[in-house]
Structure formats: C-alpha cells, structure tokens
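Okay, structure first, notes after.
In the text below, chain A, chain B and the rest are named by the order of the sequence lines, each starting its count at 1.
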Amino acid sequence: MEYNFRDIEKKWQQRWVAMQTYKVTEDKERRKFYVLNMFPYPSGAGLHVGHPLGYIASDIYARYKRLQGFNVLNPMGYDAYGLPAEQYAIQTGQHPAITTEANIARYREQLDKIGFSFDWSREVRTCDPQYYHWTQWAFQKMFGSFFSSPLPTSRKKGEEDCPKARPVEELVAYFEEHGTEGLEEFGVAQSEELSFTASEWKAYDEVQKQQVLMNYRIAYLGETMVNWCPELGTVLANDEVVDGVSERGGFPVVQKKMKQWCLRVSAYAQRLLDGLETIDWTESLKETQRNWIGRSEGAEMEFKVKDSEKSFTIFTTRADTIFGVTFMVLAPESELVKELTTPGQQAAVDEYLAYVKKRTERDRISDRKVTGVFSGSHAINPFTGQEIPIWISEYVLAGYGTGAIMAVPAHDSRDYAFARHFNLPIIPLIEGADVSHESFDAKEGTVMNSPADGTTALDGFSLNGLTVKEAITATKAFVASHNLGRVKVNFRLRDAIFSRQRYWGEPFPVYYKDGMPQMIPEECLPLELPDVDKFLPTETGEPPLGNARRWAWDTASCSVADCSTIDNKTVFPLELNTMPGFAGSSAYYLRYMDPHNDQALVSPEAGGYWQNVDLYVGGSEHATGHLIYSRFWNKFLFDLGVSRKEEPFQKLVNQGMIQGRSNFVYRIKDTNTFVSLGLKDQYDVTPLHVDVNIVSGDVLDIEAFKDWRPEYATAEFILEEGKYVCGWAVEKMSKSMFNVVNPDMIVEKFGADTLRLYEMFLGPVEQAKPWDTNGIDGSHRFLKKFWNMFWQKDAFAVTDDEPTAAEMKALHKLIKKVTEDIESFSYNTAIPAFMIATNELTQLKCQKRAVLEPIVVLIAPFAPHIAEELWQQLGHETSVCDAQWPAFEEKYLVEDTVKMMVAFNGKTRFSIDFPADADNATIEAAARSHELTPKYLEDKSIVKVIIVPKRMINIVMK
RNA sequence: GCGCUUGUGGUGGAAUUGGUAGACACGCCAGACUUAGGAUCUGGUGCCGCGAGGCGUGUAGGUUCGAGUCCUAUCAGGCGUACCA
C-alpha cells in the first residue's frame with residue numbers, strides 16, 4: 001500500500017474539525033498544561049517556512065503532554081493592529097480592517113494545512129472590540145491606580161509590606177490627612193517629588209487635584225522627551241527605535257518634548273528584576289532583561305553653587321571618587337541649564353543648545369564627538385570646599401539619574417575624553433593607576449589623594465589607604481551622616497510611552513473635560529474604533545482619528561456623539577491618539593483562558609484553573625519589548641487579583657530564526673551570458689540573486705530560468721560538466737533575495753508530516769539555521785519506510801504475535817529516547833531515533849501489534865496525520881490523541897556486556913567487553929587473558945585496569 | 001566598549017556529560033532495476049597514504065590512564081546593548 005499522504009492528511013484535518021478533537025474545556029479532574037506561541041502579526045506576505053518552526057515545536061510538546069494525560073490549552077490568535085496595515089491603507093486607501101481580515105484568512109489557511117492541535121474556538125484578535133474591551137479596561141485600571149507600599153491611612157489588618165498597585169482613592173485619603181508629609185517612606189512611585197500640606201490639598205480645585213494625581217497614576221499623561229519619527233508621524237517606544245532609526249521602515253528619529261500617555265513601568269522595576277529569579281528562561285534572555293532594567297546602586301549628592309543660594313543634586317555610583325571631581329556636567333535638556341548659565345556665557349550656551357537640538361538620535365550614535373560648553377557657574381565640592389566649573393554636554397542624559405553628574409576624569413572614560421578635549425585637570429585617586437593615556441575605570445586598588453596632601457576635608461574625612469570597595473562604603477556612610485545626600489537606587493528602565501499618533505490601534509477610552517482626561521464609564525466599554533475617510537493626520541496636525549466624523553463623548557447619553565453638535569450639548573472631545581502595538585499583546589494569554597467572557601477579562605474559575613503559561617515559545621527579538629511589557633502588565637493585573645501568578649510565562653523557549661539560503665548566478669559584465677560557479681573566477685562577473693525555487697541542489701534549472709524573467713529568455717550559459725552550478729549564501733529570508741520558501745509548496749509536494757519532521761530535524765529548536773529544501777527527501781523517505789512497516793503488499797499486516805527480546809529492546813530504546821528528547825526540546829535527535837528503530841524493526845521483519853502500536857503513539861506528536869491513519873487501521877475508533885503515552889521499562893534495555901578500558905604504563909592500551917554482571921575476579925581474568933596479546937608483550941608491567949562505567953580496579957601483572 | 005553565545009567532515013548536525021569522535025540526514029561515489037529520471041533499492045564515503053600506519057573537534061598550553069567535553073591563554077563568527085555616571 002502506497003503512503004498517500006495527500007488523502008490521509010486531508011481526511012484527518014477534516015475529521016479533527018468535525019469531531020472538535022482539539023477543543024478543550026476546564027476539567028478539574030485533570031491537571032492543566034498551558035502551551036502558548038507568540039501570536040503572529042498577519043502580514044501581507046503570508047507564512048514562509050520559518051514561521052511554523054516554533055508552532056511545530058510547541059505543537060509537539062502540547063500533543064505529548066496530552067498523551068501523558070494533561071488537559072492541554074494550546075490556543076492561537078492574531079496580533080492584528082500594526083503599522084504595515086496602516087501604511088498600506090495610506091498608500092492605497094484600502095481599509096486596514098479589510099487587508100487584515102484577508103491576511104488572517106490566508107494565514108489560517110496556511111496554518112490549517114500543517115496540522116496543528118490549536119483550539120480555534122478560543123481564537124483572539126487584538127483588533128476585535130470584544131478583545132480590546134479588556135485592553136481598554138486594563139488601561140482604565142492603571143489610570144485609577146498608583147504604586148506603593150500600604151499607606152497607613154488605608155492599610156488593612158495583617159497586610160504585608162509589599163509595594164504594589166493600589167486604588168488612587170487610597171492616596172487621596174492620605175493627602176486628606178497628611179498632604180505629602182512622610183510619603184517618601186512608602187516608596188510611592190511618582191514622576192517628580194511634590195510637596196504640599198493636607199490643607200493645601202483640600203484647598204485645591206478639581207483640576208488642580210487631577211493634575212497632582214497625574215504625578216502618581218500608573219497610566220498617566222506626561223510631558224516627556226519622546227522618540228518622534230517625523231516620517232511615520234508618530235512617537236515610538238525605546239524598543240521600537242533601533243540604531244537611532246525606526247524599527248519599522250528605518251526612518252530617522254528625533255527627540256521631542258510632547259504630552260503623551262505613559263505607563264509607569266519603572267515602578268515595577270525591582271519586581272521585574274526579582275521575578276526573573278523565579279522563572280525558567282534562558283540565562284541569556286534573563287541577562288538581557290536585567291541589563292534593560294539596569295539597576296544601579298549609588299548615592300545622590302547635593303552640590304551648592306558658588307555665590308548663589310542655588311544647589312543641585314547629582315547621582316553617582318562612585319561616591320568614593322569625590323576628591324577627584326574636577327568639573328560638573330549638566331544635560332543640555334536639564335532645567336538647571338537656564339538657572340546656572342551666567343550672562344557672560346549665555347550666547348555660547350544658546351549656540352550649543354541649538355546645535356544639540358538639531359542633532360538626531362542617529363547623529364549622536366554615529367559620530368560620537370566630544371562636545372560641550374562652559375555654563376559660567378561653579379559648584380562647591382561639599383567635602384573640600386573647592387570650586388568646580390559646571391559644564392553642559394550632550395553626553396549626560398536628561399532622562400537618567402538627575403540629569404547632572406560630577407565628573408571624575410581619572411576614573412571614568414567619558415569624563416576622561418571630555419577633560420582631555422577641553423583641557424580640564426585630571427586627578428588620579430588610585431595608587432599605581434596610570435592615567436596619562438586613558439582612565440582607570442576598574443573598581444579596584446588602593447585609594448590615594450583623598451584628600452590630596454595639603455588639603456583638608458570636612459571633619460578630617462579621608463579615604464587614603466582604603467580599598468575602593470571600603471571607600472565606597474565609607475563615603476556613603478559619611479554622606480548620610482553629614483546630610484550631604486542619600487543612598488539611592490536608580491534604574492535604567494523608563495516608563496513606556498503609550499500614545500501613538502496613528503489610526504490602526506486601540507482607541508483610548510478617554511475624553512477631555514476642562515483639559516483634563518476623564519475615563520469613559522466602564523459599562524460603556526468597549527469604545528470602538530470609528531471609521532475615517534483618511535488615514536493620515538488631519539490638516540490641523542491632529543492624529544488620524546481627528547478625521548472621524550462622529551468622535552466625541554456625550555455624557556448625557558453615554559455614547560459617541562457627532563462633533564458638529566459639540567457646542568450645544570454636554571459633549572466632550574475624545575482622545576485622538578491610539579494605543580501602541582504592545583497594548584494588545586500584553587495580556588492576550590489571559591484572554592485565551594476565557595475568550596468569550598463579556599463580563600470580565602477572565603473569570604475567576606477559568607483564571608484559577610489555567611493559572612499561567614507553562615510553556616511559551618517565541619523569538620528572542622521580543623526580549624526588551626513584549627516580554628517586559630507583558631510581565632509588567634501581568635504584575636499589575638496580579639496586584640488587582642485578576643491574574644493568579646505574578647509571572648505570566650513560567651518556561652520560555654526561544655526558537656531560532658530560520659534564515660534563507662539564497663542562490664546566485666554570475667553574469668559576465670555587460671553581457672547576457674552566465675557562467676557556472678566553478679568557472680566564474682575566469683571572468684569579470686556580477687553575482688545576481690536567483691529564485692531558489694528554480695534551483696535544485698545548487699544546480700540551476702536553465703529552462704525555468706529563461707522563463708523566470710523576460711530579459712533572461714535569450715540568456716547564454718557557460719556550463720561545467722553540462723550543469724550550471726549556482727553559488728549560495730545564508731541571508732535573511734525575504735522576497736528581495738528570492739529565497740522565500742512557502743510551506744504550502746512543501747506540503748503539496750511532500751505532505752504536512754514530512755514538513756513537520758523536517759523542520760524539527762533541521763537542528764536544535766533554539767538555534768538559528770538556514771533553510772535548505774534539499775534535505776527534505778530524507779524525512780519523506782523515512783515516513784514511507786515507517787508506513788511500509790505496517791503493510792504487506794496492499795494488506796494491513798499487523799499481527800498479535802509475541803515480540804522477541806530484540807524487538808522489545810528496539811521499542812523501549814525508542815520510548816526512552818523520545819520521551820527524554822521531547823522533555824528537553826531535543827526534537828532533532830528524537831527523529832533519528834525513529835529512523836533507527838524503523839530500520840531495526842524492518843530488518844527484524846517485525847509487524848507485531850505489541851511493538852508497532854506504541855510506536856504509532858510515540859510518533860503522533862511529530863507526524864499526527866500518519867499516526868491517526870495507522871491508529872485507525874490498528875482498529876481503534878477514537879483519535880490517537882486520546883491514547884496513552886507508552887511507559888518505558890528498564891528491563892528491556894539491560895546490556896549484557898560492558899566496555900572496559902585497559903591501561904598500563906600510563907597509557908590506555910585497548911578495550912574489551914565483559915559481562916555486565918561480572919565481579920572483580922572475572923574482570924581481572926578477562927584483563928589477564930589479554931595480557932598475552934603479542935602486541936603488548938613488551939609492556940610486561942601492567943599498572944592498572946580501568947573499568948567503565950565508574951569502577952576502577954588496580955591489577956598488578958607481570 | 002560591555003553583556004551573552006557558538007566554533008566538530010563537502011553541508012545540517014550527533015556524541016549516554018571525562019570513555020574507541022563524526023549517530024541520523026543531505027551531498028558525493030559505485031552497483032542494481034529502468035526507454036528515461038530531480039524515481040526506487042544496495043553498498044561505500046573525516047583527512048593523508050598503494051599499504052602498514054599516521055593525523056584529526058578554531059589555535060596554543062595544562063590536568064588525566066584517557067579531553068570535543070574540565071582548566072588557562074588566544075583567535076574568529078553570531079546575537080543583544082549602547083555615552084545609564
């Protein structure tokens with residue numbers, strides 16, 4: 001019987017739909033397992049063979065867990081909001097909803113052909129109002145929350161001291177009683193430090209109160225420096241900017257101050273850091289997140305300004321180098337610049353600020369020049385009273401620490417470069433450190449010059465003779481005891497900017513009254529995205545939503561009203577920005593648990609059952625974007641009691657990217673003649689990409705090539721051995737490289753099971769690897785052999801005979817290997833195990849049910865279609881998905897011999913086999929019997945015999 | 001610059017974690033069956049050498065009876081990040 005994969009796969013894919021094989025429900029009797037893939041953005045290009053890699057890997061795991069008796073949730077959906085659909089809409093006028101819908105249909109069709117065990121009844125789309133209802137809802141909750149340890153005014157009995165999100169009402173209650181007095185000891189997250197009394201608070205009007213509260217809300221409207229991309233007409237988050245240009249499109253990005261919605265992610269910095277210790281992610285990914293969060297311990301110190309009442313604060317991790325400070329530096333954007341610039345320097349400073357302003361992010365990265373200007377003012381070193389000039393330079397960032405630093409050129413390379421350029425003094429503070437050519441940045445050595453000879457410091461303070469570590473501690477203690485500053489932890493992690501000046505995204509459920517944002521009542525959610533005529537910003541520069549005709553909030557009727565009546569009714573303008581891409585993808589895993597619930601994001605029952613994601617599979621490119629936002633979002637929902645686990649993704653596997661393998665032809669310059677790879681060096685040639693689909697085994701199909709492009713119809717070729725051999729290179733898989741391989745084609749030619757097997761066989765899941773269709777025959781051949789094991793001519797030939805020991809050994813070797821390999825995600829070595837077992841059993845002519853039936857179950861996660869068909873042929877009426885994973889039994893694998901290494905005179909000489917259950921005497925006899933091997937006769941003085949495994953026996957021979 | 005990571009045949013990649021390196025597959029070679037083959041089957045295939053044999057896991061050392069695996073130094077590639085004080 002021939003292996004007719006086309007019929008088999010079609011039959012079972014239809015049957016799975018008809019029988020709802022993969023639909024799951026909460027089942028308290030069974031243990032849950034939640035497998036999740038990062039959901040795709042449905043781009044217009046469709047899937048290429050790289051996309052399904054992670055889906056196949058997780059599908060195998062999901063099917064395996066199910067066969068082990070777990071109730072497995074394995075959902076799929078679409079991250080449907082995004083820039084490409086909108087850019088396409090701007091160019092063509094085609095509504096993004098329509099293109100998105102079409103792209104999703106295409107994706108679904110492609111996915112269905114590969115035979116995944118997704119429960120499609122739980123599909124979510126981020127652009128669906130039923131879905132973004134809960135994105136908007138979460139945003140409103142963030143608006144209504146602040147972050148702190150419990151405040152005494154609302155602390156519940158027995159409440160733990162943990163910092164978390166709390167209702168803003170609790171903060172208001174505190175203000176009513178204390179104002180801001182004593183607030184700092186509760187670790188309240190805030191944009192800036194405010195100070196007012198309880199009575200001042202009570203005297204504020206509503207707008208003023210709202211302005212104050214904005215300083216504490218987790219979702220807040222803030223005036224911040226943003227990454228503005230003029231080409232895209234929108235702001236971008238830090239992770240959306242790569243090398244100073246936009247991730248999408250590669251357009252320049254500049255810094256601009258704008259009023260934007262922000263999420264106070266920074267409040268969660270410590271918890272995001274701590275949480276990493278509890279989850280099973282790769283160390284490198286955790287490290288990437290740790291760097292992104294960027295915790296650094298240091299001190300804030302106050303510096304007075306000479307001849308002035310003014311003072312300012314700096315942040316440093318090297319308080320111990322205070323005696324080496326020779327200048328101060330302010331960030332150009334810092335408020336202090338205005339205050340500290342002297343009239344004499346005003347012109348120079350203005351000129352410098354103008355220069356900085358016109359520099360783009362990209363300029364700053366590409367030419368890292370040393371630039372700066374003297375402010376005219378001097379600061380006073382609080383330890384020595386010495387005067388220090390205050391400079392302004394772009395190498396100090398406004399957004400980190402206090403936007404001002406103390407510069408220690410001897411021990412900081414950036415300060416060093418600055419000091420050299422502007423000829424400022426450099427004072428070495430470490431014994432033996434040579435600072436004539438570069439700074440000494442390491443935190444080691446013995447401190448000197450602190451203070452320098454002849455200088456006295458406040459209270460006779462001295463660090464001389466201490467190690468750097470001791471000096472850091474001593475300085476911090478001194479700073480604290482003399483009230484010169486305070487110990488401070490800073491994070492690099494910034495708040496996320498949450499507004500986008502785009503159309504195709506979640507609308508904010510917000511309207512404006514007296515210039516202050518108000519939340520649309522919860523019962524009126526979702527606030528649906530309106531239709532617009534144009535997708536570009538309006539003429540007046542408002543975001544595209546300004547083009548919507550009916551887009552204002554009518555508080556009387558709780559509905560979106562027509563703008564034209566805005567003056568006659570109590571109608572308020574709505575927020576015109578939309579939410580960024582990560583809004584919809586931050587909590588989608590929770591929604592899969594209960595996707596049709598219109599009362600809650602997720603019901604307590606469903607949330608309580610599924611808890612969190614046990615296995616998350618996706619690309620590592622989301623390390624500092626989605627995977628941070630999502631963890632933040634989940635922690636917030638955890639604080640609300642909506643999410644059950646503080647960490648959303650327990651184990652995470654990064655699938656490696658599948659790269660393209662491009663082929664090249666070589667055209668002789670200024671001709672239409674192409675020369676084969678081996679001969680190209682004899683000519684002056686231009687390499688040109690050629691479609692990999694008309695190349696097989698690097699040999700060009702010349703007729704197909706002539707048909708490929710009209711200009712090649714008359715091409716001539718210089719062949720080697722009658723063939724045209726192409727060159728190749730590993731590149732990104734993309735249309736422009738003509739190296740895209742479409743999974744549909746592979747499925748059509750070889751079948752879904754072959755594709756699944758081959759993708760896993762290609763190499764470790766985590767590793768990046770190039771796609772090469774050539775090897776696929778091997779996987780396909782294996783499936784044919786596997787199929788043939790069950791047949792004799794055209795008859796199904798499985799018997800009920802008793803298996804032999806050798807057959808059982810082959811089976812149990814396979815069970816062991818496959819189970820271990822799935823557990824450790826080593827699918828690429830599990831598949832050879834199937835090949836070996838198949839060869840062994842074919843040679844043994846084994847067609848026994850007791851052996852073959854368990855093997856069908858073993859292969860079911862990898863090649864579900866063929867497994868279903870054989871399972872049915874074996875006489876089962878239920879799906880192979882409901883079978884039981886075979887148990888491995890050690891007794892079938894016991895080896896009868898063990899290898900022994902014999903070593904003497906300091907060298908391993910030879911190895912022999914001996915019975916596995918042999919005692920030492922038998923082993924010694926075996927060794928002695930080899931003593932007379934003529935080859936070794938000259939080495940009479942045997943020193944020892946080493947046995948593997950794990951036994952060493954010394955035998956003296958002569 | 002910093003952090004992470006990987007170096008094994010012509011290619012993708014194995015190696016029970018210190019025990020006869022190169023499993024499995026592609027490719028290549030030979031043979032069989034074919035009118036034909038980008039079909040199927042069988043055998044071979046790390047390198048050098050006719051051979052005995054020698055050499056081989058980026059490079060150089062070290063530990064060990066024994067090293068792809070452990071240690072030290074060094075080189076090369078990939079990914080991430082970027083003036084974070």
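- Taking each heavy atom of A/Ala810 and A/Glu840 in turn, the nearest pair found is CB-OE1, 3.2 Å.
- Its glycosidic angle being within 90° of 0, B/G9 falls on the syn side.
- Each of B/G80, B/A85, B/U81 was ranked by its minimum atom distance to the side chain of A/Val396; first place goes to B/A85.
- Between A/Gln767 and B/U6, a side-chain N or O to OP1/OP2 separation shorter than 4.0 Å is absent.
- Across all strands shown, B/A60 is found opposite B/U72 as a Watson-Crick or G-U wobble partner, with both distances under 3.5 Å.
- Taking the O4'-C1'-N9-C4 or O4'-C1'-N1-C2 dihedral as appropriate, B/U17 has a value within 90° of 0 and is therefore syn.
- Residue A/Thr829 has its side chain nearest to B/A14 when only B/A14, B/U81, B/C24 are considered.
- Whole-Å rounding puts the A/Asn654 CG to B/U6 C1' distance at 16 Å.
- Nucleotides B/A73 and B/C29 place their C1' atoms 43 Å apart, quoted to the nearest Å.
- A salt bridge links A/Glu283 with A/Arg290: the closest approach of a Lys/Arg side-chain nitrogen to an acidic carboxylate oxygen falls below 4.0 angstrom.
- Rounded to a whole angstrom, the distance from the P atom of B/G27 to that of B/G38 is 12 Å.
- Aromatic pair A/Tyr758/A/Phe750: centroids not less than 6.0 angstrom apart.
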TODO: I would like to know whether A/Arg420 and A/Val370 meet side-chain contact (heavy atoms from CB on, under 4.5 Å); could you show each step before the answer?
DONE: CA-CA 10 Å; A/Arg420 277 272 179 248; A/Val370 178; over 6 Å; no
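- On the P atoms, B/A15 is 14 Å away from B/U20, given to the nearest whole Å.
- Using N1 to N3 plus N6-O4 or O6-N4 for Watson-Crick, or N1-O2 and O6-N3 for G-U wobble, each under 3.5 Å, B/G3 pairs with B/C79.
- B/C47 sits 15 Å from B/U57 when the P atoms are compared, rounded to a whole Å.
- The interatomic distance linking A/Ile388 (CD1) with B/A85 (P) rounds to 20 Å, in whole Å.
- Place A/Ser284 and A/Lys769 on RNA chain B by their nearest nucleotides, and A/Ser284 ends up nearer the 5' end.
- Judged by distance alone, the side chain of A/Arg756 and the main-chain N or O of A/Ile56 form no donor-acceptor pair under 3.5 Å.
- Between A/Pro764 and A/Ser779, the one whose closest nucleotide on RNA chain B sits nearer the 5' end is A/Pro764.
- Comparing the same atom, P, in B/C65 and in B/A14 gives a spacing of 32 Å after rounding to whole Å.
- Rounded to an integer number of Å, the gap from CD1 of A/Ile831 to P of B/C26 is 14 Å.
- Using a 30° and 60° split on the angle between ring planes, A/Phe888 and A/His812 fall in the tilted class, from 30° to 60°.
- Comparing B/C4, B/G38, B/C83 against the side chain of A/Glu287 picks out B/C4 as the nearest.
- Contact annotation for A/Ile405: base contact, defined as any heavy-atom pair under 4.0 Å involving a base atom.
- Here the P atom of nucleotide B/A85 and the CG atom of A/Asp320 are 14 Å apart, to the nearest Å.
- Remark: the separation of the P atoms in B/G46 and B/G10 is 11 Å, to the nearest Å.
- Among the protein residues, A/Arg494 comes within range of the nucleic acid bases, having at least one heavy atom under 4.0 Å from a base atom.
- In this model, the phosphate group of B/A14 is approached by a side-chain N or O of A/Asn828 to a distance below 4.0 Å at OP1 or OP2.
- Atom CE in A/Met328 sits roughly 16 Å away from atom P in B/A85 (whole-Å rounding).
- In this structure, A/Gln792 places its CD atom where only 12 or fewer heavy-atom neighbours from other residues, nucleotides or ligands lie under 6.0 Å away.
- Rounded to whole Å, the P atom of B/U69 lies 14 Å from the corresponding atom of B/U6.
- Here B/A82 presents its P atom at 11 Å from CG of A/Leu397, a figure rounded to the nearest Å.
- For B/U17, there is no paired base (Watson-Crick or G-U wobble, both distances below 3.5 Å).
- Nucleotide B/G31 is matched to B/C41 when pairs are restricted to Watson-Crick or G-U wobble geometry with both distances under 3.5 angstrom.
- Atom P of nucleotide B/A39 and atom CG of A/Asp777 are separated by 7 Å, given to the nearest angstrom.
- The nucleotide B/G53 finds its pairing partner in B/C48, both defining distances of the Watson-Crick or G-U wobble pair being shorter than 3.5 Å.
- At B/A39, none of the side-chain N or O atoms of A/Arg781 fall inside 4.0 Å of OP1 or OP2 (strictly under the cut-off).
- Taking 4.0 Å as the cut-off between side-chain N and carboxylate O, A/Arg6 and A/Glu748 count as a salt-bridged pair.
- Within 4.0 Å (heavy atoms only), A/Lys749 reaches at least one base atom of the nucleic acid.
- Residue contacts shown for A/Asn291 are limited to sugar-phosphate atoms, with no base heavy atom under 4.0 Å away.
- Between the CH2 atom of A/Trp292 and the P atom of B/A82 there is a distance of 5 Å, given to the nearest Å.
- Relative to the side chain of A/Met835, the nucleotides B/C83, B/A25, B/G3 differ in distance, and B/A25 lies closest.
- Spacing between B/C71 and B/C26 at atom C1', rounded to whole Å, works out to 37 Å.
- Taking 4.0 angstrom as the limit, A/Tyr758 places none of its side-chain polar atoms (N or O) nearer than this to OP1 or OP2 of B/A25.
- A/Pro770 comes within contact range of no nucleotide atom at all, as no heavy-atom separation falls under 4.0 Å.
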